[in-house]
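All residue numbers in this chain count up from 1 along the given sequence.
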Amino acid sequence: MRLKNTLRRGVAAAVIAGIVVTSGLPVYAKTWDISEGSITVEADGEEDGKSYNKVTQGDKETVRDTDTVITGKSEKNTVTIKSGGGGQTSDVTLKDVSIKSDKDAALKVEGDGNVRLELDGKNELKSGANHAGVEKNNSDSKGTLTIKDDTGEKGSLTATGGAQGAGIGGAKNNSGSNIEITGGTITATGGCNNNEAGNGGAAGIGGGFNGSGTDIKITGGNVTANGSQKPDGTSGCQGAGIGGGYGKGGTNISISGEDTVVNANGGKYGAGIGGGAMGAGENITISDGAHVTANGGAQGAGIGGGSGIGGNGSNITISGDKTYVEATGGGDAEAAGAGIGGGFSGRYGNVGKGSDITIEGGTVIATGGSVTSDSGGGAAGIGGGSGYAPRDDKAGNGAAGIGGGNTNNKMGDAIDIVIEGNAKVTTEAGGDVSIGGKNGEISNDDLLSKDFTGILTRKDNTGKVMEDYSKDATPLPASEENGVVWVDADVSGWGGVRIAVPEGTPTDSVSACYLEEGALLIVDAGGSDCLLEGRVSDLRQNGIRQLCLRWNGGEQTLSTDALAAAGGEDASFRLTEVNGGLTMVLNGLTRNELLAK
């Protein structure tokens, strides 16, 4: 009896001390402080639905652990997580960890199994030269690394690669793949080469220098990925925001979910999402309400290929009614990348192609990069990247940006680009082509599917609307709308605005006045129905910045700034009031969302 009581007291004491007795072995559920030594975590199987680890810190004895939590600060100690074989999974929580190593990887993942990394609080991992901030090399990690924030602790992670190492992914000369992010606020920045030329560089998420980035999935969280930045924070090297490091591509990249926000910025010659310099961007999907902003570095595509030979963008799909994508190609004095499609691909006639690009839904804004030299042009909003802008010592050699005015200039092909469904797409040319490639603008007949019901707006390289198209929007005759025949009122023409009333209504029933304060034109229809029609440019030329329609029972004010932002400086507008109901048409499309609620 005395022995049993002693054992009971021992077990109770073990529980109080945080030790669980399992199969006669002590299992610690404890927090490990990185300041006390480097930590190695090795997966040790699952029991009763829990994953267990063997944890070793410094020269201390190895301990079997569950719910492994690492905290603390260090500038010399590091973490290694070995997931083991046989499909084992290692679960580790980072809780307010700060590791800044000057020579090694702050955190490295190894093994054939999976690693699940939970984020609690604020975490920072910064690695030494040639290492990734969170290092997962294809050569020694075959499973999936999942970074998550499931506990509601507002977890965040800032992961910074050393020179030539990815923020999250591959070290120098290593690829990074099978990376999944499901939650948390994450900033991942790839490392740059330390030389002044800025050669090389790694991806924010994906490959290190000379390493590809593949099978990267983001389904939640707020993620910022910056390709290869110099220590001073400038974009000096050539990795993608998400995808390949210098010299390699980014493939099988998917971003999805309404709770997912991604901001991806390419290094100097990398794509925002896709290839690093001289790397292609392939098999990229954005869907299910994700909000994505992708900016190419100089000469890189926003989404697609990086700069250099091989910088093509292909098999890119955007879908989902709530999905929002803004993709901007980069440009400099020599060349430019497409918003979505190809980057610049070499000065000797090799130009970046954009192919197999499908937009099935959502809101998409794609802007081609512009070549900043006087002789250069720019890339398409969607389609081909630019070629090389000719210089005095390179005249006639290879391609230039479109719009450069030189007959020797070229831009990339644009092949199999389709817009379908209820997509709302706005494209802006960096040069002469808004959607297309070396063969010019792609026509709507070749671009839009039969089931297209959305809106397509094409802008030139000054932001002026070239076309605002909807299959279901047929501009109505100016004299008739919804069965109403409109005739000019006596005050029609004030401020360049046509002012009309229904046929049979006294033409003197409407008055107009201009208030210099606020640059406001007021049209008072009284009890009459009324139509206002004109162009934004005419209003501006007449000093009008606001247009107000009043009638018995209400009023509506329109800002010329808002109209120009929605349809361009030369946009045509028509506002009608019939029995107190308003209809707003801009560039032939019904745009009632522009009306004040």
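- Between Asn130 and Phe209 there is no side-chain heavy-atom pair separated by less than 4.5 Å.
- With sequence neighbours left out, Asp140 forms a salt bridge (Lys or Arg N to Asp or Glu O under 4.0 Å) with Lys108.
- Leu107 is not listed as a side-chain neighbour of Ile70, based on a closest heavy-atom distance of 4.5 Å or more.
- Ser212 and Ser175 are linked by a side-chain donor-acceptor pair at a separation below 3.5 angstrom, with hydrogens and angles left out of the test.
- For Lys54, the salt bridge (Lys or Arg N to Asp or Glu O under 4.0 Å) test picks out no residue, with sequence neighbours left out.
- Every residue two or more places apart in sequence or in another chain that forms a salt bridge (Lys or Arg N to Asp or Glu O under 4.0 Å) with Glu258 is listed here: Lys322.
- Under the 4.5 Å side-chain criterion, counting only non-hydrogen atoms from C-beta, Ile168 is in contact with Ile186.
- With no hydrogens or angles considered, no side-chain donor-acceptor pair links Thr158 and Thr187 at under 3.5 Å.
- Residue pairs meeting the side-chain hydrogen bond (donor to acceptor under 3.5 Å, both in side chains) criterion with at least one member in residues 95-105, sequence neighbours excluded, do not occur.
- Using a 3.5 Å distance cut-off with no hydrogens or angles, the side chains of Asp33 and Ser35 do pair a donor with an acceptor.
- Applying the side chain to side chain donor-acceptor pair (under 3.5 Å) criterion to Asp44, with sequence neighbours excluded, gives Arg64.
- To the nearest 0.5 Å, the span separating CG on Leu157 from CD1 on Ile181 amounts to 8.5 Å.
- Judged as a side chain to side chain donor-acceptor pair (under 3.5 Å), and not counting sequence neighbours, Lys248 has no contacts.
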Listed pairs under 3.5 Å, donor-acceptor, residues 147-154 side chains, sequence neighbours left out:
unit_1 : atom_1 : unit_2 : atom_2 : d
Lys148 : NZ     : Glu118 : OE1    : 3.2
Lys148 : NZ     : Asp150 : OD2    : 3.4
Asp149 : OD2    : Gly155 : N      : 3.0
Thr151 : OG1    : Glu118 : OE2    : 3.1
Thr151 : OG1    : Asp120 : OD1    : 2.7

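- With sequence neighbours excluded, the residues forming a side chain to side chain donor-acceptor pair (under 3.5 Å) with Ser51 are Asp91, listed by chain and number.
- Side-chain contact annotation: Asn114 with Thr146, donor-acceptor N/O pair under 3.5 Å absent.
- Within 6.0 Å of atom CG in Asp259, 12 or fewer heavy atoms from other residues, nucleotides or ligands are found, so the atom counts as exposed in its surroundings.
- Annotation: side chain to side chain donor-acceptor pair (under 3.5 Å) contacts of Asn263 (sequence neighbours excluded): none.
- With sequence neighbours left out, the side-chain contact (heavy atoms from CB on, under 4.5 Å) criterion links Thr328 to Asn295, Thr367.
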Show the atom names and distances, to 0.1 Å, of all donor-acceptor pairs under 3.5 Å that link a side chain in residues 275-286 to residues at least two apart or in another chain.
unit_1 : atom_1 : unit_2 : atom_2 : d
Asn283 : OD1    : Asn315 : ND2    : 3.3
Asn283 : ND2    : Asn252 : OD1    : 3.2

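- Partners of Lys60 under the salt bridge (Lys or Arg N to Asp or Glu O under 4.0 Å) rule, at least two apart in sequence or in another chain, are Glu36.
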